[in-house]
Every structure is written in structure tokens, then in C-alpha cells.
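Presented below is the structure to which this report refers.
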Amino acid sequence: MLNDSSNTGYNREPRGTSGPAFFLFWKRDLTGYISVKSVLTCNPGLYLARSFKTRAVERQYLFPSWRRSCLFQIDPAEYTLIMLRLIIVLALLTIALPAYAQQEPDPAAASFSYAPSEDPAIWDEISNYRGWKVKSFKLTSPDKTYIKELVKGLELAEKDVALYERSLTRDVGRIGLFYAQRGYPYSRVTSSVSVREDKREVSLTLDIDPGPPVKVSDVVIGGLPEDFKKAFDEIVKTQEGTIFSDNVIAADEMAILEILRKAGHARAISSSFVEMTDTTTVRVRFDIEPGSVYYFDSFRVSGASEDLNKLALIAINIDRGERFEPKLVTDARANLSNLQLFRQIRISLVDTAPDSLAMVVEVSERQHRIIELAGGYWSDDGFSARVRWRHANLFKRGRGSSIELSYTQYKRTGNWVSWWPALFKARIVGTLRIGIDDINEDSYDKRAPGIGVGLSLTHSRTMKSSVGYVIEIADYTVKTT
């Protein structure tokens with residue numbers, strides 16, 4: 001049946017819309033049959049089909065050029081009426097759209113925008129060398145400031161690239177947008193080509209004329225508390241008389257938010273608006289919503305065992321009632337990561353009152369037990385082997401232990417180590433080590449059991465300081481010849 005898509009389990013229609021076409025597909029259904037349907041389409045929406053079923057193995061043959069839709073049946077008279085209505089609608093749109101496009105824009109509502117300009121002469125210059133290899137590519141401009149940065153993002157600057165109009169079009173668009181974002185929306189690009197016909201190679205040069213810059217005529221800021229006005233003037237680089245730049249404005253917004261959030265405004269919002277005052281000047285406005293000063297009200301950890309959840313609460317290292325600051329959240333994440341007990345750490349801040357936050361932490365535990373085996377052969381030490389067993393949460397609450405044994409021809413060692421994270425503070429780890437060294441040298445033998453304790457403080461991911469105390473009882477045997 002033509003309008004029963006469940007009969008075949010397949011709901012796609014032919015992609016083509018002009019001229020007769022014939023399509024055939026097979027689809028296995030849940031009853032163990034393969035449905036075979038041949039579809040003849042003469043125009044969009046009108047299908048003639050024939051289907052039958054045959055017992056077969058489980059296979060599926062689909063045309064990749066079909067799109068998702070349901071086959072349907074339509075009466076030819078009804079189809080003619082629909083097409084007539086569609087023609088009338090299209091005719092009305094054809095009349096209305098040009099009249100709408102010719103309306104003059106409201107000057108008061110004008111805002112800064114960029115539309116890349118295309119110079120047909122650029123395409124005419126390379127049309128005879130389509131597909132040739134670009135032997136060399138060069139950018140030139142009176143101002144060399146952006147050349148090195150710009151060339152890194154162009155297609156034609158890559159190695160072993162062929163010259164095509166679409167590549168040049170995209171690169172010219174990138175150049176125009178790059179300069180527009182830096183205050184030069186009227187830049188123009190011209191091309192020059194030198195060719196080597198015997199090798200079908202071209203050397204392409206794009207010359208950039210930045211055009212007149214667009215400058216900032218006025219900077220307005222609204223909503224910023226009076227206490228932050230001085231800091232705003234010091235950090236914001238978008239000032240009256242400077243060249244307009246999207247990147248600078250975005251950086252200024254982030255700098256404003258950073259100042260506010262450091263002062264406890266966790267939900268501060270900043271938005272910027274740019275308005276063209278004439279063809280070469282713009283007015284920039286920053287709208288700030290600082291919101292309330294927030295304080296940490298509560299802390300919740302989930303996703304791990306109860307003992308590790310309690311350890312994570314200690315590692316967060318933020319006091320209840322402490323004022324919000326981004327660095328506190330960053331340090332809390334670093335402390336949790338340094339425990340090396342969790343695969344994933346997700347921190348979110350939830351409003352519990354108009355000026356209070358709850359820190360919600362979701363963690364996923366790592367695999368705590370690890371066994372390592374290693375072996376090798378060295379020309380000076382001969383055969384060597386090492387085995388290590390480690391459990392990161394053997395004694396619960398992150399207190400772990402490891403045993404390591406190693407062997408070479410001249411040295412055997414054994415060590416048992418246990419550690420206690422967050423011993424006094426969140427970043428302090430205490431360790432206890434018991435071990436023995438058995439060394440055989442040509443001139444002496446040494447057997448030295450020992451015990452040691454230590455404390456380590458993690459300052460950052462790349463910096464740690466440690467202090468320890470070790471007692472070792474060494475027994476030496478001197479060999480004489």
C-alpha cells in the first residue's frame with residue numbers, strides 16, 4: 001500500500017524533484033521478510049508504487065540519496081489545486097519582496113556590521129589557472145602588523161594546495177572579516193599572479209588595502225557601581241579615539257566581569273552595543289548588571305562512597321559564610337583533582353537565597369586498585385624486574401597504601417608506603433614509608449632496612465614542597481681480595 005510506510009519500515013522519499021525517476025529499495029521487517037518496493041516518481045508528491053514480500057536473509061539495501069519523509073498518496077486533482085495555490089503564493093512573494101527591500105533603513109537604528117565586498121577582477125585574474133598548484137603564496141599590506149597572524153588561517157597558504165575560485169573566495173572573506181573585527185571594515189583585496197605553465201604552477205600575491213579605520217567616538221557605561229568606576233577606567237582599553245575592535249571589546253567585557261566577580265558579584269552580567277554614528281566612527285555602550293554580592297551557604301558532594309564524599313568536603317576548603325570569589329572555586333577543583341581519587345569532577349553553583357550560593361559537587365570515582373609489572377634487560381645490570389600493587393583507598397577516606405618490589409643483579413629493594421590526604425589542611429598529605437635495600441657491589445655488600453615519615457604541601461599542579469624524617473639501619477660488609 002502506497003500510504004502505509006509501516007509496511008516497509010522505511011520512510012524516505014526521493015531527493016530529486018524534476019523528471020521521472022525509478023527507485024528500488026529492500027528493507028527487512030521484524031517478521032523475517034524483506035519488503036521490496038519499486039517507486040516511480042514523475043513529480044514531487046505523486047508516487048506510483050508496487051510492493052511485495054519475499055522470504056530472505058537479514059539484509060538491508062538503502063539508497064544514500066534519500067531523505068527522511070513519509071510516502072503518501074494524493075489525488076491528481078487535489079495535487080493540481082495545491083500546485084496552483086503554491087504558484088499564486090510565489091507570485092505574491094515575488095511582487096512584495098523587492099518593494100520591501102527598497103525601503104530605506106532607519107538611521108537611528110543603524111548598528112555596526114560587516115558585509116564582505118567582492119571584486120570580480122580577482123576571479124577573472126585566476127580563472128585560467130583553476131586547479132594549478134600554488135607554488136608560493138604571499139600577503140602584502142602597507143601595515144605589516146597583522147600579516148603573520150592572518151596568513152596562518154588562510155587555505156591558500158597551506159602546502160600542496162590547488163588554486164580554485166572557492167578557496168580564494170573564502171580567503172578573501174576571512175581577510176575582510178579579520179580586518180573588520182580590528183576596526184577596518186572597508187578593506188579591499190587585489191590579486192596578482194605569476195605563472196609557470198610548464199609545471200602548471202602559480203605564485204599568488206594578495207595585496208590588502210586596509211582602508212580608513214573606524215574609531216570610537218564615545219564610550220558609555222551603564223549600571224556599574226560607583227566604587228568600580230576607577231578600576232573600569234584603568235582596565236578598559238576601548239576608549240574615545242581608539243580604533244574599534246571586536247576582540248578588544250570582548251576582552252573589556254571579560255575584564256569588567258572579572259573585577260565584579262572578584263568582589264563577590266557571582267551573577268554579574270555584561271553586554272556591549274556598538275552603534276555607527278557615521279561611516280568612520282562608532283559609539284560603544286557597556287550595560288552592566290552587577291547583581292548581589294554572594295556568600296557560600298552550603299556544600300554538597302555526591303557520586304562517590306560516603307567516606308570519599310566527606311573527604312571531598314574537606315578538600316573544598318571553603319568556609320561557610322565566606323564571600324564568593326572565582327579563585328575559591330578554582331582552588332576547590334584543584335584540591336579535588338590533586339587527591340587523584342576521581343575520574344570526573346563537576347562543580348556547579350546554585351542560588352539558595354538572593355545573596356547565597358550552594359556549591360554542588362558531582363564526582364566519579366577512579367579505579368582504586370592498580371597492579372604494575374615491568375621487566376627488562378640492561379647491558380650493565382642484566383635482567384631487571386619490578387612489581388607494584390597500589391590501592392588508593394585501602395583504609396577509607398582516601399588513605400591508601402602501596403607495595404613495590406624491584407630486582408636487578410646488584411640491587412633488590414622492597415617498599416611499603418601509606419598516605420593520609422588532607423591531614424591537617426586540604427593540601428597537606430602525610431606519608432609513612434617502610435623499606436629495605438639489599439645492594440651487592442664489587443667492594444661491599446649493604447643491607448639497610450629503614451622507616452620514614454613525611455609531609456608534603458601542594459602549591460599548584462606543578463609545584464610541591466616536602467619535608468621528611470628517615471631512620472635507616474645499615475649493615476655493611478666490606479669485601480677484601
Side-chain angles (χ1 to χ4, degrees), residues 254 257-258 260-269 290-372 389-402 417-432 453-466:
M254 294 303 298
L257 291 178
E258 185 179 359
L260 292 171
R261 287 169 181 166
K262 283 183 177 179
H265 297 272
R267 304 304 189 191
I269 300 174
S292 303
V293 175
Y294 280 82
Y295 299 85
F296 287 104
D297 176 67
S298 59
F299 307 91
R300 298 194 296 270
V301 180
S302 62
S305 56
E306 184 177 355
D307 60 300
L308 292 184
N309 288 341
K310 292 180 179 179
L311 174 62
L313 287 173
I314 298 173
I316 288 173
N317 198 31
I318 302 176
D319 297 328
R320 184 176 180 180
E322 192 168 353
R323 194 184 71 183
F324 168 84
E325 189 176 342
K327 188 176 184 302
L328 295 177
V329 180
T330 303
D331 290 346
R333 183 182 296 276
N335 293 345
L336 293 170
S337 178
N338 289 335
L339 294 174
Q340 298 183 1
L341 294 168
F342 308 114
R343 288 188 300 108
Q344 292 182 334
I345 302 169
R346 298 185 183 91
I347 298 179
S348 58
L349 302 177
V350 179
D351 292 16
T352 56
D355 62 348
S356 300
L357 292 172
M359 178 178 285
V360 180
V361 181
E362 299 178 13
V363 296
S364 299
E365 288 189 52
R366 289 179 183 267
Q367 175 61 254
H368 298 311
R369 282 187 291 269
I370 299 175
I371 297 178
E372 297 177 355
W389 174 87
R390 182 180 186 271
H391 195 303
N393 196 34
L394 181 64
F395 306 113
K396 302 301 181 182
R397 219 211 70 168
R399 296 185 287 259
S401 184
S402 69
V417 182
S418 185
W419 55 89
W420 188 329
L423 184 57
F424 303 116
K425 290 186 176 181
R427 295 193 175 193
I428 295 179
V429 179
T431 57
L432 172 65
V453 295
L455 295 174
S456 63
L457 172 63
T458 301
H459 303 282
S460 65
R461 290 183 179 272
T462 58
M463 185 177 181
K464 179 188 292 186
S465 58
S466 302

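Position 1 is the first residue of the sequence; numbering continues from there. Everything numeric in this text was worked out from a predicted model, so none of it was measured.
When all heavy atoms are compared, the tightest approach of Leu341 to His368 is O-CE1, 3.8 Å. In this structure, Leu336 and Ala315 approach most closely via the heavy-atom pair CD2-CB, 4.0 Å. The two residues Pro421 and Leu339 come nearest to each other via the heavy atoms CB-CD2, 3.9 Å. Counting all heavy atoms, side chain and backbone alike, Leu308 lies closest to Arg397 at CD2-C, 4.2 Å. Here the closest heavy-atom approach between residue Ser418 and residue Phe395 is recorded as OG-CE1, 3.7 Å. Counting all heavy atoms, side chain and backbone alike, Ala312 lies closest to Phe342 at CB-CZ, 4.4 Å.
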- Can you check side-chain contact (heavy atoms from CB on, under 4.5 Å) on Ile347 and Val329, steps first, answer last? CA-CA 8 Å; Ile347 298 179; Val329 180; 4.1 Å; yes
Give the intermediate values and the outcome of side-chain hydrogen bond (donor to acceptor under 3.5 Å, both in side chains) for residues Arg346 and Gln344.
CA-CA 7 Å; Arg346 298 185 183 91; Gln344 292 182 334; 3.0 Å; yes
Discussion item. side-chain hydrogen bond (donor to acceptor under 3.5 Å, both in side chains) for Arg427 and Asn338? Distances and angles first, verdict last.
Written reply: CA-CA 8 Å; Arg427 295 193 175 193; Asn338 289 335; over 6 Å; no
Assess the residue pair Leu457 and Lys464 against the criterion (side-chain contact (heavy atoms from CB on, under 4.5 Å)); give the C-alpha distance rounded to whole Å, side-chain angles, the decisive distance to 0.1 Å, and a yes or no. CA-CA 6 Å; Leu457 172 63; Lys464 179 188 292 186; over 6 Å; no
task = Please test Asp351 against Leu357 for side-chain contact (heavy atoms from CB on, under 4.5 Å), starting from the C-alpha separation and ending with a verdict.
result = CA-CA 5 Å; Asp351 292 16; Leu357 292 172; 3.3 Å; yes
Apply the test side-chain contact (heavy atoms from CB on, under 4.5 Å) to residues Asn309 and Val361: give CA-CA distance (whole Å), side-chain angles for both, the deciding distance (0.1 Å), then the verdict.
CA-CA 9 Å; Asn309 288 341; Val361 181; over 6 Å; no
Checklist entry - Does the side-chain hydrogen bond (donor to acceptor under 3.5 Å, both in side chains) test come out yes or no for His459 and Ser465, once each step is laid out? => result CA-CA 8 Å; His459 303 282; Ser465 58; 2.8 Å; yes
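Side chain of Asn393 to main chain of Gly398: a donor-acceptor pair is present (N/O by atom type, distance under 3.5 Å, no hydrogens or angles). Of the possible polar contacts, none joining the His265 side chain to the Arg267 backbone as a donor-acceptor pair under 3.5 Å is found. Under the 3.5 Å distance criterion, the side-chain polar atoms of Asn317 are left unmatched by any main-chain donor or acceptor of Ala426. Although no hydrogens or angles enter the test, the distance criterion places a donor-acceptor pair under 3.5 Å between the side chain of Arg323 and the main chain of Lys262. Arg333 places a side-chain N or O within 3.5 Å of a backbone atom of Ile345 that can act as its donor or acceptor partner. The backbone N or O of Arg261 lies less than 3.5 Å from no partner atom in the side chain of Glu325, so there is not a single donor-acceptor pair.
Residue Ile318 holds its CD1 atom at 11.0 Å from CG of Leu313, rounded to the nearest 0.5 Å. Interatomic distance, Tyr295 OH to Arg320 CZ, rounded to the nearest 0.5 Å: 15.0 Å. The distance from the OG1 atom of Thr458 to the CE atom of Met463 is 11.0 Å, given to the nearest 0.5 Å. Atom-to-atom distance recorded for Ser401:OG and Leu394:CG is 6.0 Å, nearest 0.5 angstrom. One distance of note links CZ of Phe296 with OG1 of Thr352; it measures 11.0 Å at 0.5 Å rounding. Annotation: the span from Ser364 atom OG to Arg343 atom CZ amounts to 5.0 Å, rounded to 0.5 Å.
Side-chain contact check for Phe424 versus Leu455: some heavy-atom pair is nearer than 4.5 Å. Residues Leu349 and Phe324 have side chains in contact (heavy-atom distance under 4.5 Å, counting atoms from C-beta outward).
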